[in-house]
Amino acid sequence: MERTFIMIKPDGVQRGLIGDVIKRFETKGFTLVGMKFMAVSRELAEQHYDVHKERPFFQGLVDFITSSPVVAMVWSGEGVVASARKIIGATNPLTAEPGTLRGDFCIEVGRNLIHGSDAIETAQREIALWFSEAELVTWETHSKPWLCE
Ligand code: IDP
Ligand code: MG
């Protein structure tokens, strides 16, 4: 089953929005398969955002992600990678549609609440970076027949 990596960034944790974020993915019908509340090392933050290492905001981004705890999660379901990106909304919260997490809960790109993998291959890389296989739980929700034909 398709899986994606979702992280509630330090601003989401500090602002008490952990429950709101998790609720959106739960009520949509995706399945949580891994979750941890953690402080992020500089090394992990730099690896996670490696693709942006030449960008001017890179150091600030790493400073921010390591400044306060995050919630790292893996969610699964058919089409979860693209669907999670839609739920999250555009990178710039001012252009993110109302109804998306960024559209509803934040205003600046440098404090945009949440990370979600942008493609299936990225999700695989990010899940392997943040979680060991032993930390991921394979289980079936009792709602499955009420969510899927
Ligand atoms: P995404 O999180 O929507 O995938 P990316 O372009 O991959 O967006 O950028 C990763 C993260 O880097 C963004 O979520 C945001 O936190 C930060 N970021 C991107 N562009 C800027 C910027 O211009 N200024 C400050 N931070 C930025
Ligand atoms: Mg990205």
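Note that ligands are numbered from 1 as they come in the structure, with each ligand's atoms numbered from 1 the same way. Just the heavy atoms: all of them, side chains too, but no hydrogens, waters or symmetry mates, feed the values below.
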Are Lys9 and Phe64 in a cation-pi contact, defined as NZ or CZ under 6.0 Å from the six-membered ring centre and within 45° of the axis?
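The answer is no; the distance or angle limit is not met.
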
Are Arg15 and Phe105 in a cation-pi contact, defined as NZ or CZ under 6.0 Å from the six-membered ring centre and within 45° of the axis?
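The answer is no; the distance or angle limit is not met.
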
Does a sphere of radius 6.0 Å around CD in Glu78 hold more than 12 heavy atoms from other residues, nucleotides or ligands, not counting ones at 6.0 Å or beyond?
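No, the 6.0 Å shell around CD holds no more than 12 heavy atoms from other groups.
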
Assess whether atom NZ of Lys36 is packed by more than 12 heavy atoms of other residues, nucleotides or ligands within 6.0 Å.
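Buried by this count: over 12 neighbours within 6.0 Å.
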
Which residue from [options] reaches closest to [atom] through any of its heavy atoms?
| atom | options | answer |
| --- | --- | --- |
| atom 14 (O) of ligand 1 | Ile114, Ile65, Asn112 | Asn112 |
| atom 5 (P) of ligand 1 | Lys9, Glu108, His52 | His52 |
| atom 4 (O) of ligand 1 | Met7, Arg85, His48 | Arg85 |

What's the shortest distance from [atom] to any protein heavy atom, and which residue and atom give it?
| atom | value |
| --- | --- |
| atom 23 (O) of ligand 1 | Phe57 CD2, 3.9 Å |
| atom 2 (O) of ligand 1 | Arg102 NH2, 3.1 Å |
| atom 12 (O) of ligand 1 | Leu61 CD2, 3.3 Å |

Can you tell me which portion of [X] lies within the under-4.0 Å heavy-atom range of ligand 1? Options are side chain, backbone, both, or neither.
| X | result |
| --- | --- |
| Tyr49 | side chain |
| Arg111 | neither |
| Arg55 | neither |

Do ligand 1 and Val109 have nitrogen or oxygen atoms that lie under 3.5 Å from each other?
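By distance alone, the answer is yes.
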
Heteroatom distance test (Thr91, ligand 1): nitrogen or oxygen, under 3.5 angstrom
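Looking only at distances, the answer is yes, because the N/O contact criterion of under 3.5 Å is met.
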
Return each pair, listed once, that meets side-chain hydrogen bond (donor to acceptor under 3.5 Å, both in side chains) where at least one residue sits in residues 55-66; pairs must be two or more places apart or across chains.
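side-chain hydrogen bond (donor to acceptor under 3.5 Å, both in side chains) check on residues 55-66 returns Arg42-Gln59, Arg42-Asp63, His52-Arg55.
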
Under the salt bridge (Lys or Arg N to Asp or Glu O under 4.0 Å) rule, what pairs show up with a residue in residues 140-149, not counting sequence neighbours?
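As it turns out, the salt bridge (Lys or Arg N to Asp or Glu O under 4.0 Å) pairs with a partner in residues 140-149, which skip direct neighbours, are Glu140-Lys144.
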
Roughly how far apart are Thr122 OG1 and His48 NE2, rounded to 0.5 Å?
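Separation between the atoms: 10.0 Å.
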
Quick one: does Asp118 get a heavy atom under 4.0 Å from ligand 1?
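The answer is no: ligand 1 sits nowhere under 4.0 Å from a heavy atom of Asp118.
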
For Trp75 and Phe30, run ring pair (Phe, Tyr, Trp, His ring centres under 6.0 Å): C-alpha distance rounded to whole Å, both residues' side-chain angles, the deciding distance at 0.1 Å, then the answer.
CA-CA 6 Å; Trp75 288 86; Phe30 292 130; 7.6 Å; no

